Structures are given as C-alpha cells and as structure tokens.
Amino acid sequence: MTRAAQTPKEMADAELPSLLTIYKDLHAHPELSTKEERSAAIVAKELKAAGCEVTERVGKYDNSDAICYGVVGVMKNGEGPTVMVRADLDGLPVTEETGAPYASKVKTKNDAGQEVGVMHACGHDIHMTSLIGTARVLGKLKEQWKGTIIFIGQPAEETVGGARAMLKDGLYTRWPKPDYALGLHDDAEIEAGKIGVTEGYCYAAVDSVDVSVKGMGGHGAYPHTTKDPVVLAAQIINAWQTIDSRQINPLEPTVVTVGSIHGGNKHNIISDEVKMQLTVRTYKKEVREKVLASIERIARGAASAAGLPDDRMPVVQVDKDGFTPATYNNPELTKRGAAAMKAALGEDKIIEKSPTMGGEDFSEFSLPDHSIPAFMFNVGAVDPAKAAEAKKTGAQLPSLHSSKFLPVPEPTIRTGMIGMTSVVLDLMKK
Ligand SMILES: [Zn+2]
Ligand SMILES: [Zn+2]
C-alpha cells in the first residue's frame, strides 16, 4: 500500500487536475455582481462534496430586493477555534481579449440596459477555485486540525455590498463568529509561485462623494450678472488639492480624485449648476472624517467667497451604501500566517508587498473596530518569464480589471491553496 498524501503540497498536486477543470468552467462563465447564481451553485456543490454543511442564498442587500447569492459552508471538527475563509464570486463588465481557449464569450445587459461583455478580469475565479481546493484538502486532513472552518462564497465585491449583505443576514449570529478571517487575492504584478504579504493597512477606505455646485446662470457675455458655477467648481477642485498637501499629516495617505464633472450645455450660457463625482481614499477613521469635512468646508467657503447666498451653497453628499472600510491586516496574525506559508512554500516565496489605495470589502468581515483579526494575502498570477521580461523592458503588464489580464492558472491556484491551507492548519493545529 502506498502512503496516502499527507502534506498540503502533496494534496494540492493531487487535486489540481480536477480544480483546473472547475477553474476553466468558472472562467468561461463569469457573472456580474449580484447575478452570481451559477458560480454560487458550483461553490455550494463543491463545498458540500468536500464535507461542509452548506447554506445558500445568504445575504440581504441594503437597497435592493435582488437575491443575494452568498454561500456559507461549515466544516466542523470538534472543539477549537473558528476560522473563516472567504472567496468572492463576481466578474466584471469587461469584454475578454486574452485569447485563452477558455476565454469568456458571455454577453449580458447591465442595469442600465446596455449590452456588455462579462469577464473574470479580477481573478475571482482563481479565488473560488482556491477556496474549493482548500476545503477539499482540509476535509481530508482532519487529523491535523480541530475547530470549525466557515467557508464563504461572497457575491458583489466589485460593486461593494456583498460582504455587508451577508453580515446583515446574520453571518455572525446564525453561524459561529470567527476568531480569525482569512482571504486571498490574485496579483497582476507578482510572479506565480510567490505570495505578497502586507502588514497593517493594505487597502484603503473608499468613499464616493457627490457634489453639486450651485450658481446663478445667465448670458455668457454678461458674467457680472451671474454667479458662474463652472469657475467656482474649478476653484473648488484646485482648493481640494490642498487637503492632502496642506491639511493632512504627510505621513497619512490620502487621495481626493474628481472622476466626473458636468455643467452647462452651450458655449454662451452660464449654467445654474455643476455636478461632480469624487472618490476619496484614506486609511484611518480620523483622517477619513477630517478629509470629508474639509471637502464640504472648502466647497462652502469658495461659494461664499463668490458671493452666493446661503440657499445656493454647494450640496455635498457622501454615499453611505457605497462606503468600503479600510482593510487592515492584523500584524500578529500576518506574521504568523507568513511564517506558516514560508514553512510550506519556501522562505523566498513569501515577499513583502506595499499597501495600495485600492479597496476591498473583505474588510467588512473584520468589523469596524477590527475586533476580528483579519489577514488577506496576494497570490502571484503572472507567468514568471513575462514578469522577468517586463522587469527588463519596463513594459506594463495587464493590470487587474484589464481585458487582457489572464493568470497562469495551475501555479496560481496551487500556491493559493497551499498558502491558505497552511495558514488555517497553523491556526487550528491539534
Ligand atoms: Zn476587482
Ligand atoms: Zn477582486
């Protein structure tokens, strides 16, 4: 009799062929945020087969009656810690241009009724496949761990709201509240086989802000009889640039980007209003509050200086539903997780990764006060030869959300599941 495969590495290799089939199927059939019915069903079926008690359609969206396709799979193995492992399910409205034989040809209508291509351009198919692989391996290694593992298939990450919807539907009351929350994301810069780790803040808090600058319109030739909201908006935008440079401690990362501005409709008419849409990125709660307050104060101050009356002050609205908290990797858990992954994959395979101002609603699972220690790591997805070539020539590799982003599936999934399995085993070892 041959010895049964025992290490996460050996077991990952044994599972890989069937996982690749699942991956290619998921990749060819991506679904937009909140529409993840098929993907959720595959995750649910595979978690069941791996030995989980599975509940489907977990989640209640804040402002929508849409079905929430959240999946919860519970794997019990006696007394011990509760560890949550999360993967997200959704694709993006991008037409795939990778040329892969399993490329998505899916077209659908978006909420505005326009036809769009759909693609797993953020690699959430890698996340789902790694989750399934991790569940299979841990289901077979029960003699090595104790406690409860909660596997999560989370919808609507790209549009934000899926994690919040699952929490709102009792994720932490109907099921055991986790002692640790774990997640991974594929990485479009790191070479496959390696894992990037960031300690502390790794993704920013994201706010969407709508600003309406009011004016008093009139003829373009008689500006003195009007209050021009276009000139005022220009002043406000420039003044906002002093928030980061003059008002916030230079050691606190802050971004204020005006992504959209619209006002007026003809050369010679001064309009009544200019509308702007901003994305605001910060890490710390106190910095976020200060930046949002500054945005409003500066807008009102400039309007006042332009001579607008109180009832024509700018209206600043922060979209509460669109808010994503900052993702904070608990330093102690991160060190422990990195050590476990180094032991499993090799010292040189785990590298330090710089934080970014991107956003991730995985942060919701750690709760606003970060009272549930969380750890999200980045799994390299780039062909090592291409990564080396890009380094030499300075060429830009396709980024996440690009129509040309294509992970090399085999080493990426293998590394992701070995990494995740070894972190879970370390936290739950007998
Ligand atoms: Zn994304
Ligand atoms: Zn993503």
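It should be emphasised that the depicted structure is a prediction, and the values quoted were computed from it without experimental measurement. All ligand and atom numbering here is 1-based and tracks the order in the structure.
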Practice prompt. Grab the two heavy atoms, one from A374 and one from S366, that are nearest each other, plus how far apart they are.
Written response: CB-CB, 3.7 Å

Worksheet item: Can an N, O or S atom be found in C122 less than 2.8 Å away from the Zn ion (ligand 1)?
Response: yes

Item to complete: Could you please compute the angle at the Zn ion (ligand 2) from NE2 of H124 to NE2 of H185, rounded to 10°?
Response: 120°

Worksheet item: Taking C-beta and beyond as the side chain, do L19 and R136 meet within less than 4.5 Å on heavy atoms?
Response: yes

Item to complete: Compute the centroid of each ring, for F405 and then for H401, and state whether the two points are separated by less than 6.0 Å.
Response: no

Fill in: N/O/S atom name from E158 that is nearest to the position of the Zn ion (ligand 1)
OE2

Discussion item. From the N, O or S atoms in H401, identify the one nearest to the Zn ion (ligand 1).
Written reply: NE2

Discussion item. Ring of F375, cation from R336 - is the NZ or CZ under 6.0 Å from the centre and inside 45° of the axis?
Written reply: no

